Amino acid sequence: MSRTGSNVAAVVVAAGRGIRIGGGTPKQYRQVGGQAVLTRTLAALGALPVVARVQVVIAPDAAAFYETCLSELDPAVRAKLLAPVEGGATRQQSVRAGLEALDGAGAPEIVLVHDAARPYVDAALIDRAVAAGRDHRAAVPGVAVSDTIKLVEEVGDGIGRVRETPAREALRAVQTPQSFHFAALLDAHRSAAAADLHGFTDDGALAEWAGLPVVVFAGDLRNRKITQPADLIEADRAFGTPDRSTPMTQYVTRLGTGFDVHAFTEGDHVWLGGVRIPADRGVLAHSDGDVALHALTDALLGAIADGDIGTHFPPSDERWRGAASDQFLAHAVSLVRARGGRIDHLDITVLAEAPRIGQHREAIRARIAEIAGVPLTSVSIKATTTEKLGFVGRAEGLAAQAAATVRLPEEETVPVDAQAETAMRQG
């Protein structure tokens, strides 16, 4: 967006690890109703005309997760997304990173700061946030609390002494998106950083510290934050309920397999999974001979029933002599995505007496995840020998087998014409 375009932007904070929820994958990338939490949050924000730009802040090692989220977004929403920036060690530092990136791209008048793990946000709440931010410079959504709240002083062994019982009528549970005049919030963040304060977990509290009067506008009880495993289950149920007015895309799971083998020849390295591994010998191949990527490419092509690697990259074509095999896998991935497919898991087993891949395992996983645009947790690489049996056991070459699990939109069954059916039976 140009500096003179729409004046509302959003910062979506998605740099957290989400470890409290368990399962290894950060909660913003967990699936609910068939899509990642972050995908649903971005879709909700980006679909609103009032929001002109969205700046996402991600963890330094989350690029593959994020790319997967992008692949499932409507192009009109993706067009509003600025390049993601890396967050910091705290939420406050991550928000500031997003604000600084927005400032460099052209400061908006109003900025909304929203948690990635709040996918229920809707247009009415956003409209209230924008209006409150414009009118009051600093505004946060809040909902009345139903429980009595106690202020306590810890005395040990999990026991707390009650110091005060605030009047419940005056309390609000604060949500996001929080809305601010952009310049005021950026100045507040810079001032806090200069004062070596980095622990604010709420931008409203930081604004208060900076001396900005903060108002509370009506939040939404449905705008829950996904924090616990039960929240994921509830979200999966909520987003999995079909909209009767808009038919929901149904997916079928496909499993494809692939196998590749190459003989050894003179050389000092082999390519495995897109990683160059030093070795006593090289492999005899038309391309770079990466058996792992070749097998994985065939697995993806098999899952979508679109031939094999030789169909798309024939060895008779000199363009592929010595070619890097990452482009073969990238092509197969693009074919899956072009059909509206989603890659769930990639699994490779390398069969070789040598070289050993143990020390290269994580580098291979990371490279495949990068090429395929999937989370690291969706890539598995294993290795085995053949107990000195066969050509692999005799160290004459190496091989790899792979499996790829993908989801494709379910195709409607096309009724067979009655006359054609009769003809097929007679013929």
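In what follows, residues are counted from 1 in the order of the sequence shown. Being a predicted model, the structure only gives us computed values, none of them experimental. Scope of the values below: all heavy atoms of this structure, side chains included, with no hydrogens, waters or symmetry mates.
- Side chain of D115 to backbone of R118: no donor-acceptor contact under 3.5 angstrom is found.
- Rounding to the nearest 0.5 Å gives a distance of 11.5 Å between CG of D260 and CG of L351.
- Side chain of Q175 to main chain of P141: no donor-acceptor pair is present (N/O by atom type, distance under 3.5 Å, no hydrogens or angles).
- There is no side-chain donor-acceptor pair under 3.5 Å between H345 and D347.
- Side-chain contact check for V12 versus L38: some heavy-atom pair is nearer than 4.5 Å.
- Atom-to-atom distance recorded for Q401:CD and L296:CG is 12.5 Å, nearest 0.5 angstrom.
- A side-chain hydrogen bond (donor to acceptor under 3.5 Å, both in side chains) with D203 is found for exactly one of R96, Q178, R91, namely R91.
- The one candidate from V336, T68, T405, V379 that meets the side chain to side chain contact (heavy atoms under 4.5 Å, CB included) condition with I343 is V336.
- Smallest separation of non-hydrogen atoms from A399 and F259: CB-CZ, 3.8 Å.
- Pairing each heavy atom of H189 with each of L99, the nearest pair is CD2-CD1, 3.5 Å.
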task = Dump the intermediate steps for side chain to side chain contact (heavy atoms under 4.5 Å, CB included) on L255 and V406, then the final yes or no.
result = CA-CA 7 Å; L255 174 66; V406 305; over 6 Å; no

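- A salt bridge links D122 with R222: the distance from a Lys NZ or Arg NE/NH1/NH2 to an Asp or Glu carboxylate oxygen falls below 4.0 Å.
- Taking the ring centre of Y120 as origin, the terminal cationic atom of R224 falls inside the region bounded by 6.0 Å and 45° from the ring axis.
- Under the 4.5 Å side-chain criterion, counting only non-hydrogen atoms from C-beta, P177 is in contact with I126.
- Side chains of E109 and V8 form no contact here, defined as non-hydrogen atoms less than 4.5 Å apart.
- Between D103 and R190 a salt bridge is recorded (basic side-chain N to carboxylate O distance below 4.0 Å).
- Dense packing is recorded around CZ of R78, with more than 12 heavy atoms of other residues, nucleotides or ligands lying under 6.0 Å away.
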query = Given D236 and R30, is the salt bridge (charged side-chain N to carboxylate O under 4.0 Å, His left out) satisfied, shown in steps?
reply = CA-CA 10 Å; D236 191 59; R30 298 285 286 272; over 6 Å; no

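- Considering all non-hydrogen atoms of both residues, A132 and F217 come closest at CB-CD2, 3.6 Å.
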ask   = Hey, mind stepping through H360 and I381 against side chain to side chain contact (heavy atoms under 4.5 Å, CB included) and telling me if it holds?
value = CA-CA 10 Å; H360 306 286; I381 177 83; over 6 Å; no

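- The nearest pair of heavy atoms linking A97 to V85 is O-CG2, 4.0 Å.
- V214 has its side chain out of reach of H136: every pair of non-hydrogen atoms, C-beta onward, lies at least 4.5 Å apart.
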request  = Give the intermediate values and the outcome of side chain to side chain contact (heavy atoms under 4.5 Å, CB included) for residues L151 and V162.
outcome  = CA-CA 6 Å; L151 293 179; V162 175; over 6 Å; no

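- For the pair R168 (side chain) and S146 (backbone), a donor-acceptor distance under 3.5 Å is present.
- For the residue pair G273 and A292, the shortest heavy atom distance occurs at N-CB, 3.6 Å.
- Between the side chain of R254 and the backbone N or O of A303 there is at least one donor-acceptor pair closer than 3.5 Å.
- T176 and H114 share a side-chain donor-acceptor pair at under 3.5 Å.
- Counting only N and O atoms by type, the side chains of H198 and D196 include a donor and acceptor under 3.5 Å apart.
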ask   = How far apart are the C-alpha atoms of L398 and V261, what are their side-chain angles, what is the distance that settles it, and do they pass the side chain to side chain contact (heavy atoms under 4.5 Å, CB included) test?
value = CA-CA 6 Å; L398 76 169; V261 58; over 6 Å; no

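- Atom CG of residue L272 and atom CZ of residue R361 lie 11.5 Å apart, to the nearest 0.5 angstrom.
- The only option from R407, R342, R337 that meets the salt bridge (charged side-chain N to carboxylate O under 4.0 Å, His left out) definition with E72 turns out to be R342.
- The two atoms that bring I371 and A330 nearest to each other are CG2-N, 3.9 Å, heavy atoms only.
- Judged purely by atom type and a 3.5 angstrom limit, R40 uses its side chain to pair as donor or acceptor with the backbone of G33.
- Side-chain contact check for N7 and R134: at least one donor-acceptor pair (N or O, by modelled atom type) lies under 3.5 Å.
- Each of D268, D288, D290 was evaluated against R276; a single residue qualifies, D268, per the salt bridge (charged side-chain N to carboxylate O under 4.0 Å, His left out) test.
- Test L42, T41, T39 against P119 for side chain to side chain contact (heavy atoms under 4.5 Å, CB included) and you get one pass: T41.
- With hydrogens and angles ignored, the 3.5 Å screen pairs no side-chain donor or acceptor of Q55 with any backbone N or O of V11.
- The distance from atom CG of L293 to atom CD1 of I364, rounded to the nearest 0.5 Å, is 9.0 Å.
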task = Show the numbers, then the answer: is there a ring pair (Phe, Tyr, Trp, His ring centres under 6.0 Å) between F313 and H331?
result = CA-CA 10 Å; F313 303 96; H331 176 72; 5.2 Å; yes

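- Put simply, the side chain of T349 never gets that close to the backbone of A383: no donor and acceptor are under 3.5 Å apart.
- Under the 4.5 Å side-chain criterion, counting only non-hydrogen atoms from C-beta, T297 is in contact with L301.
- The aromatic ring centroids of H294 and F328 lie less than 6.0 Å from each other.
- A distance of 9.5 Å separates CG in L81 from CG in L45, rounded to the nearest 0.5 Å.
- Q92 is listed as a side-chain neighbour of L206, based on a closest heavy-atom distance under 4.5 Å.
- With a 4.5 Å cut-off on side-chain heavy atoms, F182 and L102 count as touching.
- Looking only at side-chain heavy atoms (C-beta outward), T165 and I149 stay at 4.5 Å or farther from each other.
- Residue S378 holds its OG atom at 12.0 Å from CD1 of I368, rounded to the nearest 0.5 Å.
- With hydrogens and angles ignored, the 3.5 Å screen pairs a side-chain donor or acceptor of K27 with a backbone N or O of I226.
- Judged purely by atom type and a 3.5 angstrom limit, H312 uses its side chain to pair as donor or acceptor with the backbone of D306.
- Side-chain atoms of S179 come within 3.5 Å of backbone atoms of A129 as a donor-acceptor pair (strictly under, hydrogens ignored).
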